Amino acid sequence: ETGVTQTPRHLVMGMTNKKSLKCEQHLGHNAMYWYKQSAKKPLELMFVYNFKEQTENNSVPSRFSPECPNSSHLFLHLHTLQPEDSALYLCASSQPGGAGEKLFFGSGTQLSVL
Amino acid sequence: QQQVKQSPQSLIVQKGGISIINCAYENTAFDYFPWYQQFPGKGPALLIAIRPDVSEKKEGRFTISFNKSAKQFSLHIMDSQPGDSATYFCAASSLTQGGSEKLVFGKGTKLTVNP
């Protein structure tokens, strides 16, 4: 399997639940990203990891907790979410080295918070 | 503050026509301007990109026009086909402190090409 794979594809959770989103990339990249895509809003960068180290946190609420155990895997742990957190969560990877690096996106996890 | 403004929000074009999507940016530190294409149920995929040292880049039926002084750039799709129906996002990029890509996206344009 190649590219960026995200699981699950769909997730429905209550506001008191704890769940995790998983992303795996098979491209040998060293940078991984979480983006949030909401209807009629721009894609919002949430977190960036370079060589497993978090290098960007775009003022994301603490109910979202990322984890990057190695350069191929990225998780987003979710707890006590709000209905407005319902969105498509996209993982991406790239090979850092300069502006203009191509981002490869997964197909996303469609999250619904009830 | 929206750093990249994209218009129109939606666009309907007849097969064979020209589709034009416009974007404007504010931050002069941006140095890379990609366009991403997203089909339903899929993540965005890079379509074409340009750097500010050139005014135009063409790849097949897709052309980016770039106006650095006006801080505007646009995507032109020539001979539009029904298979081009998708959502298109413009973006602008700068480097994070960590050296990785930091893309700022426009809100997207939903293109429908009628047969």
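Not measured: the values here are computed from a predicted model.
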Residue Gln9(B) excluded, over 12 heavy atoms near CD under 6.0 Å: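 Result for CD/Gln9(B): open.
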Chain A contact via Phe30(B) - side chain, backbone, both or neither, heavy atoms under 4.5 Å: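 Looking at Phe30(B), nothing touches chain A.
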In one Ile/Leu/Val/Met/Phe/Trp/Tyr side-chain cluster, 4.5 Å: [X], [Y]:
X: Phe73(B); Y: Phe62(B); result: yes
X: Ile77(B); Y: Val13(B); result: yes
X: Tyr25(B); Y: Ile48(B); result: yes
X: Ile64(B); Y: Leu47(B); result: yes
X: Leu114(A); Y: Met13(A); result: no

For the residue pair [X] and [Y], what are the closest heavy atoms and their distance?
X: Phe105(B); Y: Leu43(A); value: CD1-CB, 3.7 Å
X: Gly41(B); Y: Ser107(A); value: O-CB, 3.7 Å
X: Leu90(A); Y: Pro44(B); value: CD1-CD, 3.8 Å
X: Phe89(B); Y: Gln37(A); value: CZ-NE2, 3.2 Å

Distance, nearest 0.5 Å, that separates OG of Ser94(A) from CG of Leu103(B):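 Going from OG on Ser94(A) over to CG on Leu103(B), the span is 8.5 Å.
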Atom pair NZ/CZ of Lys42(B) and Phe105(A) - distance to nearest 0.5 Å: 15.0 Å
Min side-chain heavy-atom separation Glu44(A)-Val104(B) under 4.5 Å: no
